[in-house]
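Inspection log for the structure reproduced underneath, given as structure tokens.
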Amino acid sequence: MVADPLLPAVRRLVADLGFELIDFRRSGPPARPLIQVRMDRPDSRPGHGVTAGDCARASRAIEGWLAAETGLGDKYQLQVSSPGIKRPVRFPEHWRQHVGRTVKVTAKGLAGHPLAVIVAVPDEATVRLGLPDGQEVSVALDAVKEALLMEQEPADGRRKP
């Protein structure tokens, strides 16, 4: 995960609006990049998350900042959304928040896209994952291309239909 120079300011803008930045991505051609922002309420729970109005408000704030401070003008595409059902796990504090939960991971050095349990986050750069075969591995956070939080199973162990 390479730090984007826009990330700190977008994170601050989203926080100033009362939300938590869940994911930030910039892709596409430099002449017209796609900027994707996923945000959530710090206290969100099913049915009480980010609304379309919240996304529109954040989009206007980010657009204003992009126009005034980055020199991109209107040469970008901006998407602001909720994190969705399979919430991305991207920043060290989110990895810590979800210790014990299962993630689907795509990372350099891991074969395939295993489901793994977040065991620990010993520092800002590393996560310990429990793999399905019982093995534990340390993975550098900058080697993680994508990690999606899987739905929590009920406490009684029964799967949802």
Side-chain angles (χ1 to χ4, degrees), residues 1-28 33-52 54-55 57-59 61-62 77-161:
M1 173 174 72
V2 176
D4 188 291
L6 300 179
L7 176 61
V10 170
R11 201 171 201 178
R12 190 174 44 255
L13 283 166
V14 169
D16 288 348
L17 292 170
F19 301 102
E20 177 182 21
L21 183 66
I22 302 301
D23 198 12
F24 176 88
R25 307 246 177 199
R26 182 171 20 171
S27 60
L34 171 62
I35 299 169
Q36 297 172 300
V37 174
R38 289 184 182 177
M39 62 182 210
D40 205 355
R41 295 184 180 282
D43 60 349
S44 78
R45 57 190 195 287
H48 296 86
V50 174
T51 66
D54 295 333
C55 291
R57 189 165 53 106
S59 183
I62 294 167
Q77 299 173 64
L78 176 64
Q79 295 176 351
V80 178
S81 66
S82 72
I85 294 171
K86 292 188 178 173
R87 178 186 181 119
V89 182
R90 182 104 189 264
F91 303 113
E93 63 270 19
H94 297 149
W95 286 95
R96 278 189 205 91
Q97 177 183 353
H98 297 296
V99 166
R101 299 277 308 270
T102 300
V103 289
K104 183 174 183 179
V105 182
T106 303
K108 293 177 194 166
L110 285 180
H113 310 284
L115 292 179
V117 174
I118 304 169
V119 175
V121 184
D123 55 49
E124 295 293 306
T126 311
V127 62
R128 295 255 333 133
L129 299 174
L131 300 177
D133 64 4
Q135 181 182 3
E136 274 190 23
V137 295
S138 288
V139 177
L141 291 180
D142 64 1
V144 176
K145 181 176 179 181
E146 183 174 58
L148 300 174
L149 198 58
M150 304 312 305
E151 190 172 346
Q152 188 81 2
E153 289 188 19
D156 64 7
R158 293 183 290 163
R159 292 196 173 270
K160 293 180 182 178

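Because the structure is predicted, anything quoted here is derived from the model rather than measured.
The only option from Leu21, Leu6, Asp23 that meets the side chain to side chain contact (heavy atoms under 4.5 Å, CB included) definition with Val37 turns out to be Leu21.
Ser81 approaches Cys55 most closely through the heavy-atom pair CA-SG, 3.7 Å. Here the closest non-hydrogen pair linking Leu129 and Ala116 is CB-CB, 4.0 Å. The heavy-atom pair separating Ala61 from Leu13 by the smallest distance is O-CD1, 4.3 Å. Smallest separation of non-hydrogen atoms from Ile22 and Pro88: CG2-O, 3.6 Å. Across all their heavy atoms, Pro92 and Val121 have their closest contact at O-CG1, 4.3 Å.
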### Query
What's the verdict on side-chain contact (heavy atoms from CB on, under 4.5 Å) for Thr126 and Trp95, showing C-alpha distance, side-chain angles and the deciding distance?
CA-CA 10 Å; Thr126 311; Trp95 286 95; over 6 Å; no
### Query
Can His98 and Arg87 be said to form a side-chain contact (heavy atoms from CB on, under 4.5 Å), step by step?
CA-CA 11 Å; His98 297 296; Arg87 178 186 181 119; 4.0 Å; yes
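For the atom pair Leu115 CG and Leu148 CG, the distance stands at 10.0 Å (nearest 0.5 Å). A distance of 6.5 Å separates CG of Leu131 from CG of Leu110, quoted to the nearest 0.5 Å. Interatomic distance, CD of Gln79 versus CZ of Arg25, reported as 12.5 Å (0.5 Å rounding). Distance check: Ile62 CD1 to Met39 CE gives 7.5 Å after rounding to the nearest 0.5 Å. A distance of 5.5 Å separates CD1 in Ile35 from CZ in Phe24, rounded to the nearest 0.5 Å. Rounding to the nearest 0.5 Å gives a distance of 8.0 Å between CZ of Arg101 and CD1 of Ile118.
Considering only heavy atoms from C-beta on, Arg26 comes within 4.5 Å of Pro5 through its side chain. Side-chain contact check for Phe19 versus Val80: every heavy-atom pair is 4.5 Å or farther apart.
In this structure Arg38 satisfies the salt bridge (charged side-chain N to carboxylate O under 4.0 Å, His left out) test with no other residue, sequence neighbours excluded.
Inspection of the His94 and Glu20 side chains reveals an N or O donor paired with an N or O acceptor under 3.5 Å.
Listed by first and then second residue, the salt bridge (Lys or Arg N to Asp or Glu O under 4.0 Å) pairs involving residues 5-17 are Arg11-Glu93 (not counting sequence neighbours).
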